[in-house]
Amino acid sequence: MSVRNVLVVLYDGVQSLDVTGPVEVFAAVDRCPGRTGYAIRTVSPGGGPVRTSSGLALLPDGALEAARPGPGTTLLVPGGRFTADFEPRITDWLRARGSGAERLVSVCTGGLLLAEAGLLDGRRATTHWSACEAMARDYPRVSVEPDPIYVRDGPVATSAGVTAGIDLALALVEEDHGRDVALVIARHLVVFLRRPGNQAQFSAQLAAQTARREPLRDVQQWITENPGGDVGVEALAARARLSPRHFARAFRAETGVTPGRYVERVRVEHARRLLEDTGEGIAQIARTCGYGTPEALRRAFVKALGQPPAEYRRRFGSPVRPCAADRPAPAPYEHERPA
């Protein structure tokens, strides 16, 4: 198999994790036996060093102006802090050269650079949740999807903030090298195998605000730890030492969602993780998560994720059989074995 290229665009104010997260995923393929990985190259305007948004200095391999992405190249545009207008040297270069890449990938607000260069026109895309409204407003030819952690539209892939770039990179590795390689890398990096692209950018707790008052925060935490427990309004109100009416009103005022909606989000999230990471039967998962019956779990999954639990597990569940990452260290990174 020929070496695939990854070209990463750097600039002052770039988010370091948007760069290093996906790069670590791509670089890990080389350490898997029998695999030809990626030739990774970083470039910046003028080829000079850049300072990330956190103050970390990065030294590129070369100048952006000399780079010519072509077939076999994944062009990666990370997000960052844009202190003024977009750097014209980057957007001009993207406009002239970006479409030559085999795959065009953005992480976080890097999608705004692609949009500014016209490379997202007529396509579906996402970006960090805080920038989705601005993208939709400023680039009306882009079909912005604010919820998914990443969106694939033909050769163009855009992702949400920071860690979503790792999810997208793992999906691309799986596409190039197969699921087992992606699984080994995910476990080596101690991340989820791969969150599906249509998963919401927020977990249930992040999607809702954290309540200001401690009793309500304690109830939120209890729901997360006990999705199959008694989560009726009366029982939750008793935990918060409030009347049911007062509790329901205060919970919604402080979290932005009703208690029932919060419980539903937690249950779906918990069930999704069990489907991904365990071999438990669907009936058992339904009971554990408080649905009672597989049919109730199925209805909740179809409503939230657009597919039934069995199909979700087929697409995103970890293999039941042991894989290389479960063996005693350091397999599969054979060259790292102690002498």
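Nothing here was measured: the structure is a model prediction, and the numbers come from that model.
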Partners of [X] by salt bridge (charged side-chain N to carboxylate O under 4.0 Å, His left out), sequence neighbours excluded?
X: Arg97; result: none
X: Arg89; result: Glu87
X: Asp218; result: none
X: Asp92; result: Arg95

Side-chain ([X]) to main-chain ([Y]) donor-acceptor, under 3.5 angstrom:
X: Thr158; Y: Thr126; value: yes
X: Arg141; Y: Ala115; value: no
X: Arg123; Y: Val156; value: no
X: Ser159; Y: Ser106; value: yes
X: Thr52; Y: Gly13; value: no
X: Arg298; Y: Pro309; value: no
X: Glu254; Y: Arg213; value: yes
X: Thr73; Y: Leu75; value: no
X: Asp18; Y: Gly79; value: yes

What's the shortest heavy-atom distance between [X] and [Y], and which atoms?
X: Thr109; Y: Gly80; result: OG1-N, 3.0 Å
X: Tyr38; Y: Leu172; result: OH-O, 4.0 Å
X: Leu7; Y: Ala67; result: CD2-CB, 3.8 Å
X: Val29; Y: Thr36; result: CG1-O, 4.3 Å
X: Pro148; Y: Glu145; result: CD-O, 3.4 Å
X: Val233; Y: Pro259; result: CG2-CB, 4.5 Å

**Message:** According to side-chain hydrogen bond (donor to acceptor under 3.5 Å, both in side chains), who are the partners of Arg299, at least two apart in sequence or on a separate chain?
**Reply:**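 Expected list: none.
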If we only count heavy atoms from C-beta on, is the [X] to [Y] side-chain gap below 4.5 Å?
X: Pro69; Y: Trp93; value: yes
X: Val107; Y: Pro22; value: yes
X: Arg152; Y: Glu175; value: yes
X: Leu17; Y: Thr20; value: yes

**Item:** CA sep, side-chain torsions, deciding dist, call: Val173, Phe26, side chain to side chain contact (heavy atoms under 4.5 Å, CB included)
**Value:** CA-CA 7 Å; Val173 167; Phe26 291 127; 4.0 Å; yes
**Message:** With side chain to side chain contact (heavy atoms under 4.5 Å, CB included) as the criterion, how do Glu234 and Phe247 come out once you've worked through the C-alpha distance, each side chain's angles and the decisive distance to 0.1 Å?
**Reply:** CA-CA 9 Å; Glu234 289 189 0; Phe247 168 77; over 6 Å; no
**Asked** Testing Glu102, Arg4, Arg103 for side chain to side chain donor-acceptor pair (under 3.5 Å) with Thr74, which one passes?
**Response**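 That would be Arg103; it is the only one of Glu102, Arg4, Arg103 passing the side chain to side chain donor-acceptor pair (under 3.5 Å) with Thr74.
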**Prompt:** Only one of Arg267, Arg273, Arg265 clears side chain to side chain donor-acceptor pair (under 3.5 Å) with Glu269; which?
**Reply:**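 Among Arg267, Arg273, Arg265, the one that satisfies the side chain to side chain donor-acceptor pair (under 3.5 Å) with Glu269 is Arg273.
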Separation between [atom1] of [X] and [atom2] of [Y], rounded to the nearest 0.5 Å:
X: Arg249; Y: Leu242; atom1: CZ; atom2: CG; result: 10.0 Å
X: Leu120; Y: Leu113; atom1: CG; atom2: CG; result: 10.0 Å
X: Leu104; Y: Leu94; atom1: CG; atom2: CG; result: 7.5 Å
X: Leu112; Y: Thr127; atom1: CG; atom2: OG1; result: 5.0 Å
X: Leu305; Y: Leu275; atom1: CG; atom2: CG; result: 9.5 Å

**Item:** Partner set under ring pair (Phe, Tyr, Trp, His ring centres under 6.0 Å) for Tyr139, not counting sequence neighbours
**Value:**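 Scan of Tyr139 (ring pair (Phe, Tyr, Trp, His ring centres under 6.0 Å), adjacent residues dropped) gives none.
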**Message:** For a side chain to side chain donor-acceptor pair (under 3.5 Å) check, start with the C-alpha distance between Arg287 and Gln284, then their side-chain angles and the critical distance, and finish with the verdict.
**Reply:** CA-CA 5 Å; Arg287 290 191 294 270; Gln284 178 59 45; 2.9 Å; yes
**Near-ring test Tyr291/His270, centroid separation under 6.0 angstrom** =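 When the ring centroids of His270 and Tyr291 are compared, they turn out to be at least 6.0 Å apart.
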**Item:** side chain to side chain contact (heavy atoms under 4.5 Å, CB included) assessment of Cys289 paired with Leu274
**Value:** CA-CA 9 Å; Cys289 297; Leu274 291 176; 4.0 Å; yes
**Asked** So does Glu295 have more than 12 non-hydrogen atoms from other groups sitting under 6.0 Å from CD?
**Response**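 Atom CD in Glu295 is packed in, count exceeds 12.
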**Asked** Should Val6 and Leu59 be counted in the same cluster of Ile, Leu, Val, Met, Phe, Trp and Tyr side chains packed under 4.5 Å apart?
**Response**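 Different clusters.
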